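All residue numbers refer to positions in the sequence shown, counting from 1. Each ligand, and each atom within it, is numbered from 1 in the order the structure gives. Note that this is a predicted model, so its numbers are computed, not measured.
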Amino acid sequence: MKIEGQSALVTGGASGLGEATARELARLGAKVAVLDRNLEQAKKVAADIGGTAFACDITDTASVEAALAAAAEAHGPARILMNVAGIGSAKRIVGKDGSAAPLEDFARVIQVNLIGTYNVSRLFAARCAKLEALDGGERGVMMFTASVAAFDGQVGQQAYSASKGGLVGMTLPMARDLAQHGIRVCTVAPGIFATPLLLELPEPVQQSLAASIPFPPRLGKPSEFAELACHIVTNGHLNGEVIRLDGALRMAPR
Ligand SMILES: NC(=O)c1ccc[n+]([C@@H]2O[C@H](COP(=O)([O-])OP(=O)(O)OC[C@H]3O[C@@H](n4cnc5c(N)ncnc54)[C@H](O)[C@@H]3O)[C@@H](O)[C@H]2O)c1
């Protein structure tokens, strides 16, 4: 699908990988709706790229429905959905004091990363399936943001890895399901990227993370993630696939 002129949605577009994706889509001529629970920051990004910001909590159906409707009103019906919103977590299953990890922590990460992504995707897909098909029968395309932790999660990453592994598992069945509507689904599993969270870590920690990446031995650039996200849109034969973007990194147990 050609990006120019399309209406696109980016969840988590206020920061990090989502922000870079929103910027790249806009650079390539899309009308971009920045969907984030951090409206203030989303507005700054949107103002910078000539897009529009919408407050949206991906776990809250009413909030997502309102944001999709408002974005369609502002930019026309969206054919591109970039699911980038997500949260991290690190918790050992048995704590230092011998107590079991709180179930709420596990549930919260699954709720945002997996169920939230599914929530936006199902509501987007229902809208997109009603649109007129483009050349070749295509109606839309969506991307999930997993993580290499879906495959080689580290100590303490049970919840995060399970949530991202859920996105990996959901990719093919959703692509198969939506094939009849001409909607493609792909997932990117990033390694370690230089987003605000990582850039706050002390320099030596950043350097040691970078050194763990075979080549190039540096943190990924958010713009590299954004380029791949946009390539998924333009390459009509990419579907049902999970792409690692990690400089050949395989994470160690800790
Ligand atoms: N940065 C990395 O190295 C890395 C590596 C692998 C995977 N990822 C994944 O990439 C995605 C983006 O990561 P990032 O580093 O850019 O993080 P970030 O914290 O910079 O950005 C995440 C954005 O998502 C938004 N968000 C969180 N929960 C939300 C919700 N319920 N509803 C709406 N918006 C919500 C936040 O407000 C924030 O703007 C996440 O899914 C993360 O798990 C990041």
- Decide yes or no for Met1 and Ile80: does some side-chain heavy atom of the first lie under 4.5 Å from some side-chain heavy atom of the second? yes
- Item | Minimum side-chain heavy-atom gap Leu81-Cys128 below 4.5 Å |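 No, side chains not in contact.
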Within the structure, does [X] bring an N/O atom to less than 3.5 angstrom of an N/O atom in ligand 1?
{"X": "Asn38", "value": "no"}
{"X": "Asp36", "value": "yes"}
{"X": "Phe193", "value": "yes"}
{"X": "Ile87", "value": "no"}
{"X": "Ser147", "value": "no"}
{"X": "Ile58", "value": "yes"}

- Please name the pair of heavy atoms, one in Ala20 and one in Ala226, separated by the smallest distance, quoted to 0.1 Å.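 For Ala20 and Ala226, the tightest heavy-atom pair comes out as O-CB, 3.4 Å.
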For [X], counting its heavy atoms only, list the atoms of ligand 1 lying under 4.0 Å from any of them.
{"X": "Leu198", "value": "3 (O)"}
{"X": "Ala85", "value": "24 (O), 26 (N), 34 (N), 35 (C), 41 (O)"}
{"X": "Ile192", "value": "3 (O)"}
{"X": "Ala14", "value": "39 (O)"}
{"X": "Gly12", "value": "23 (C), 24 (O), 25 (C)"}

Using non-hydrogen atoms of the residue, decide whether [X] is closer than 4.0 angstrom to ligand 1.
{"X": "Tyr160", "result": "yes"}
{"X": "Thr11", "result": "no"}
{"X": "Ala149", "result": "no"}
{"X": "Cys56", "result": "yes"}
{"X": "Ala189", "result": "no"}
{"X": "Lys164", "result": "yes"}

- Task: With Asp48 as reference, evaluate Arg27, Arg23, Lys43 under the salt bridge (Lys or Arg N to Asp or Glu O under 4.0 Å) test and give the passing residue.
- Result: Arg23
Give the single entry among [options] that approaches [atom] most closely by any heavy atom.
{"atom": "atom 18 (P) of ligand 1", "options": "Pro190, Gly16, Ser15", "value": "Ser15"}
{"atom": "atom 22 (C) of ligand 1", "options": "Gly18, Ala20, Gly86", "value": "Gly86"}
{"atom": "atom 7 (C) of ligand 1", "options": "Ala150, Ala146, Pro196, Gly220", "value": "Ala146"}

Looking at [atom], what's its closest protein heavy atom, distance included?
{"atom": "atom 34 (N) of ligand 1", "result": "Arg37 N, 3.4 Å"}
{"atom": "atom 5 (C) of ligand 1", "result": "Gly191 O, 3.0 Å"}
{"atom": "atom 9 (C) of ligand 1", "result": "Thr145 CG2, 3.7 Å"}
{"atom": "atom 11 (C) of ligand 1", "result": "Val84 O, 3.0 Å"}
{"atom": "atom 31 (N) of ligand 1", "result": "Asp57 OD1, 3.0 Å"}
{"atom": "atom 44 (C) of ligand 1", "result": "Leu17 CD1, 3.7 Å"}
{"atom": "atom 1 (N) of ligand 1", "result": "Thr195 OG1, 3.0 Å"}

- Would you tell me whether Thr61 and Asn119 have side-chain atoms, one donor and one acceptor, within less than 3.5 Å of each other? yes
- Query: Does any donor atom in the side chain of Asn83 or Ser121 lie under 3.5 Å from an acceptor atom in the other side chain?
  - Reply: yes
- Is the number of heavy atoms from other residues, nucleotides or ligands under 6.0 Å of Tyr118 OH greater than 12? no
